[in-house]
Number of protein chains: 2
Amino acid sequence: MGFSIGELSRRTAVKVPTIRYYERIGILPAPRRTEGRQRRYDEDAVARLAFIRHARELRFDLDAICTLLSLQDNPDHSCAQADEIAKARLVEVDKRIAALGALRTELRRMIEECACGRVAECRVIETLADTSHEHGVLARS
Amino acid sequence: MGFSIGELSRRTAVKVPTIRYYERIGILPAPRRTEGRQRRYDEDAVARLAFIRHARELRFDLDAICTLLSLQDNPDHSCAQADEIAKARLVEVDKRIAALGALRTELRRMIEECACGRVAECRVIETLADTSHEHGVLARS
DNA sequence: CCTTGAACCTATAGTCACTATAGGAAATAG
DNA sequence: CTATTTCCTATAGTGACTATAGGTTCAAGG
C-alpha cells in the first residue's frame, strides 16, 4: 500500500531532499501519509517525478516543467504551448553551444600560446588582462 | 583624483552592485574613500576589474579568478598554475559542448516528431513521460 | 549660499535549483 | 526490545549576483 520516499528516490533516481523540495514548491503533489506522518507514494508519483527528471535533464527550468505537467494533465488540450516551450529551449541551447564554441576557441588559443614559463610572459594571464577586446555579453543560458 | 564607482562601472561594463559585491567577497581591494565615505578608484582598479570581467566571460569561477589574480601580482612566479586552471576550464567546456550537442539532438527530435495537435499525441510530452530511457547524469558544468 | 536631483551609501533579502546540517521520530529486522 | 535505518521538519548554505529600502553625499544651477 504505497512506498516510502526512499523507494521513490530509488525508482526515479531523484534524491530524497530534492523530492521534498519539489513537494514544497508545489511541482509534485503532497502524497498521503502513514500514521507516523511519513510519506507514501504510488505509481502516479513515479511517473510524474520521472517526467520532471527527464525534463530537468533537458534543462527545462521548473517553471516550464510546471506548464508542461499541467498540459500533460489535459490530454485534449492543444499541444502548441508544449511545442513552443521546447522550441524556446532549443533556441537557448543553440545559442549556448555557439557561445561555448567561441569560448573554447579563445581558451585553446590562450593555452597553446602559453610558453608556460614565468607569469610575466604567460599568455593566459596576458589575454585576460587585455582590455582591448569588445565587451561581450555575460549571458547565463 | 580618482573616480566614482559609477565611472568605474561605465569604464568596465561591470554593474555598480557587482563591483560592491566583488569588494565584499575580497576579490577587488577596498578603495580609498572621500570624506563622505564614497569610493574613489584609480586606473589599477579598472585593470583589475577588466581582468575579472574578461575571465568571467570565459566562465572561470570567482575562485579560479582569485588564483589567477594573485598569479598576476607575482610576475616572476611560474605560470604552470594559470595554465592548469585554463586547461581545466577547457575540459569543462568540451564536456559541456558535448552534453549540449546531445541535448540539442533530443530536443530537435521531440519537436520534429510533434504533429502539433492535441496533447494526447504530442511527441514532446510523450518523450518527457517516457520512462524507458537510461538515467543520465544531471551534471552542472 | 542654498537647493535640487543624481549618484552614492549600507544592510538585507531574493534569485534558482537544489544540497547540507541539526535534532529528533518512526519503521523494520533480528 | 533493541538496534539500525530511514524518515521527519526547519533552517541555512551554495554561486554569482540582483533588487529593495531607507538614508547620505556630491556637483551643478540659481
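Proteins come first, then strands; the chains are lettered A, B, ... in the order of their sequence lines, and each starts at number 1.
- For B/I19 and D/dC17, the CD1 to C1' distance is 13 Å, given to the nearest whole Å.
- Each of B/E35 and B/I52 has a nearest nucleotide on DNA chain D; the 5'-most of these lies closest to B/I52.
- Here D/dC8 presents its C1' atom at 8 Å from CZ of A/R33, a figure rounded to the nearest Å.
- Taking side-chain N and O atoms only, A/T34 has a distance below 4.0 Å to OP1 or OP2 of C/dA27.
- In this structure, A/F3 places its CZ atom 17 Å from P of D/dT6, rounding to the nearest Å.
- When the side-chain nitrogen and oxygen atoms of B/S4 are compared with OP1 and OP2 of C/dA7, none of them lie within a distance under 4.0 Å.
- In this structure, CZ of A/R20 is placed 14 Å from C1' of D/dT11, rounded to the nearest angstrom.
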- [ ] With salt bridge (charged side-chain N to carboxylate O under 4.0 Å, His left out) as the test, would you mind laying out the steps for B/E112 and B/R109 before giving the verdict?
- [x] CA-CA 5 Å; B/E112 259 166 42; B/R109 207 177 46 229; over 6 Å; no

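- In the displayed structure, B/R37 atom CZ is contacted under 6.0 Å by at most 12 heavy atoms of other residues, nucleotides or ligands.
- Between the C1' atom of C/dA17 and the CZ atom of A/R59 lies a distance of 11 Å, rounded to the nearest Å.
- Across all strands, A/Y22 comes closer than 4.0 Å only to sugar-phosphate atoms, never to a base (heavy-atom distances).
- With distances taken from any side-chain atom of A/Q38 to the nucleotides D/dT6, D/dC26, C/dA17, the minimum falls on D/dT6.
- Side chains of B/E106 and A/H54: a donor-acceptor N/O pair is present below 3.5 angstrom, by distance only.
- C/dA11 atom C1' lies 14 Å from atom CZ of B/R37, rounded to whole Å.
- Geometrically, A/R10 does not engage A/F3 in a cation-pi contact defined by less than 6.0 Å to the ring centre and at most 45° from the axis.
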- [ ] Could you walk me through whether B/E121 and B/R118 pass the salt bridge (charged side-chain N to carboxylate O under 4.0 Å, His left out) test, one step at a time?
- [x] CA-CA 6 Å; B/E121 293 111 35; B/R118 289 180 315 127; 2.6 Å; yes

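- Within the nucleic acid shown, A/D61 comes within 4.0 Å of sugar-phosphate atoms alone, with no base atom in reach, counting heavy atoms only.
- When the C1' atom of D/dT24 is taken as reference, atom CZ of B/R39 falls 13 Å away, rounded to whole Å.
- Comparing C/dC8, C/dT19, D/dC17 by their nearest atom to the side chain of A/K15 picks out C/dT19.
- Distance from the side chain of A/T18 is smallest for C/dT19 among the nucleotides D/dC26, C/dT19, D/dA16.
- Of the candidate nucleotides D/dA16, D/dA27, C/dT19, D/dA27 has the atom lying nearest to any side-chain atom of B/R40.
- In this structure, A/I25 reaches neither bases nor backbone, as no heavy-atom distance under 4.0 Å exists between it and the strands shown.
- The distance from atom CD of A/E23 to atom C1' of D/dA10 is 14 Å, rounded to the nearest whole Å.
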